[in-house]
Amino acid sequence: DHAQSVRWYRAAAEQGLALAQCNLGKCYGQGEGVEQDHAQAVRWYRAAAEQGDAQAQFNLAVAYAKGEGVDHDQVQAARWFRAAAEQGHTSAQYDLGQWCRHGRGVEQDHAQSMRWFRAAAEQGHAGAQCSLGGCYKVGRGVQQDHVQAARWYRAAADQGHVTAQFNLGDFYEEGKGVQQDHAQAARWYRAAAEQGHAEAQRHLGVCYIKGAGVQQDHAQAV
């Protein structure tokens, strides 16, 4: 009963309970038990965020990033991503890493981007693990290291991250950071291909044409 949920969240939120304020904001944001109202969502996220609630800080950052219920403001988004990231919020750490990488709301800083990707990656965030692998692959914010790149791609790939699966397949095909292994390349291309990754589908087709890591099969290639 979402309406009852909203009733009790509101009762607690109006007494200043940050968790209730954050949850009430979520109800408004998703239109659960109450008419969807992004401005009200932001109001309650802000109340909780200013009390230090990391999830509310992250949600407020997303609102600023999207311009939902508040004017689009990259600087404010970065501010609240950082507040949540510094409390260990993994998604905020990953997003802050992306914003530092691209210079959104903050000065572009690849070293800081690496720092936040690593913080989230070490907590198991698949997107951050893939991004960290990418940094090691090209030497962005860190010395190029294909072994480390392969390590982080594998961590993300094992969680089903489609881009990491494709990149790990490419590393096995080329022998970058791992011993060249066409069977492993085909395995990871297939994992990504089955999730709809077009380039992985193309590479898997080529594997079947050549018989690289799989039995040659032109029908499968097609």
Side-chain angles (χ1 to χ4, degrees), residues 22 45-46 48-68 70-180 188 192 197 199-200:
C22 182
Y45 289 151
R46 188 183 307 281
E50 289 175 350
Q51 292 194 69
D53 186 282
Q55 184 62 46
Q57 292 168 340
F58 173 74
N59 293 346
L60 185 56
V62 171
Y64 274 114
K66 293 182 176 181
E68 289 184 345
V70 68
D71 289 340
H72 177 77
D73 189 326
Q74 291 188 334
V75 173
Q76 283 296 312
R79 171 196 170 194
W80 289 109
F81 279 139
R82 185 179 302 278
E86 288 175 349
Q87 294 195 70
H89 192 289
T90 55
S91 293
Q93 291 171 336
Y94 169 67
D95 285 341
L96 184 57
Q98 291 287 8
W99 285 50
C100 289
R101 174 184 173 183
H102 297 289
R104 296 178 190 151
V106 294
E107 186 175 347
Q108 188 177 47
D109 187 329
H110 292 303
Q112 281 295 305
S113 178
M114 271 286 298
R115 173 196 169 193
W116 292 112
F117 285 151
R118 186 183 303 281
E122 289 177 348
Q123 293 194 69
H125 190 289
Q129 291 169 339
C130 184
S131 293
L132 187 57
C135 292
Y136 276 113
K137 177 183 177 180
V138 300
R140 185 176 56 243
V142 68
Q143 186 174 348
Q144 188 179 49
D145 187 330
H146 285 152
V147 173
Q148 283 295 312
R151 172 197 169 194
W152 289 109
Y153 281 148
R154 184 183 303 280
D158 284 340
Q159 295 193 67
H161 193 284
V162 63
T163 302
Q165 290 172 337
F166 170 73
N167 288 335
L168 186 57
D170 182 60
F171 269 40
Y172 272 113
E173 183 176 6
E174 300 295 330
K176 293 179 183 175
V178 292
Q179 186 173 347
Q180 189 176 47
W188 289 110
H197 192 288
E199 192 66 12

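Computation of the quantities below employed the complete heavy-atom set of this structure, encompassing side-chain atoms and omitting hydrogens, waters and symmetry-equivalent molecules.
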Who are the side chain to side chain donor-acceptor pair (under 3.5 Å) partners of Glu122, not counting sequence neighbours?
-> none
Of Tyr153, Trp152, Trp188, the one forming a ring pair (Phe, Tyr, Trp, His ring centres under 6.0 Å) with Phe171 is Tyr153
Check: Gln180 side chain, Tyr172 main-chain N or O, donor-acceptor pair, under 3.5 Å | no
Using a 4.5 Å cut-off on heavy atoms from C-beta on, say whether the side chain of Tyr136 contacts that of Arg151.
-> no
Can you measure from OG1 (Thr90) to CG (Asp95) and round to the nearest 0.5 angstrom?
-> 9.5 Å
Would you name the heavy atoms of Gly105 and Ala78 that are closest together and state the gap between them?
-> O-CB, 4.0 Å
Separation between CH2 (Trp116) and CZ (Arg82), nearest 0.5 Å, reads 6.5 Å
Could you tell me the separation between the CD atom of Gln98 and the OG atom of Ser131, rounded to the nearest 0.5 Å?
-> 4.5 Å
Glu199 and Phe166: which non-hydrogen atoms are nearest, and at how many Å?
-> CG-CZ, 3.4 Å
Approximate separation, where rounding is to 0.5 Å, of Gln144 CD and Lys137 NZ = 10.0 Å
Measure across Ala157 and Ala164 and return the closest heavy-atom pair with its distance rounded to 0.1 Å.
-> N-CB, 3.7 Å
Nearest heavy-atom contact between Asp145 and Val147 is OD1-N, 3.1 Å
For residues 48-64, the side chain to side chain donor-acceptor pair (under 3.5 Å) pairs (sequence neighbours left out) are Gln21-Gln51, Arg46-Tyr64, Gln55-Asn59, Gln55-His89, Gln57-Gln87
Which residues pass the side chain to side chain donor-acceptor pair (under 3.5 Å) test with Arg140, sequence neighbours left out?
-> none
Who are the ring-ring contact (aromatic ring centres under 6.0 Å, His included) partners of His161, not counting sequence neighbours?
-> none
Over all heavy atoms of both residues, which pair between Cys22 and Tyr45 is shortest? Give the atoms and the distance, please.
-> O-CE2, 3.4 Å
Residues Gln108, His102; criterion side chain to side chain contact (heavy atoms under 4.5 Å, CB included); working and verdict | CA-CA 6 Å; Gln108 188 177 47; His102 297 289; 5.5 Å; no
From Leu96 CG over to Phe117 CZ, what is the distance, rounded to the nearest 0.5 angstrom?
-> 9.0 Å
For Arg115, check side chain to side chain donor-acceptor pair (under 3.5 Å) against everything at least two apart and list the hits.
-> Gln112
Would you please name every residue forming a ring-ring contact (aromatic ring centres under 6.0 Å, His included) with Trp99, sequence neighbours left out?
-> Phe81
Distance, nearest 0.5 Å, that separates OG of Ser113 from CG of Leu132 = 9.0 Å
Can you name the nearest heavy-atom pair linking Gly177 to Ala150, along with the distance?
-> O-CB, 4.1 Å
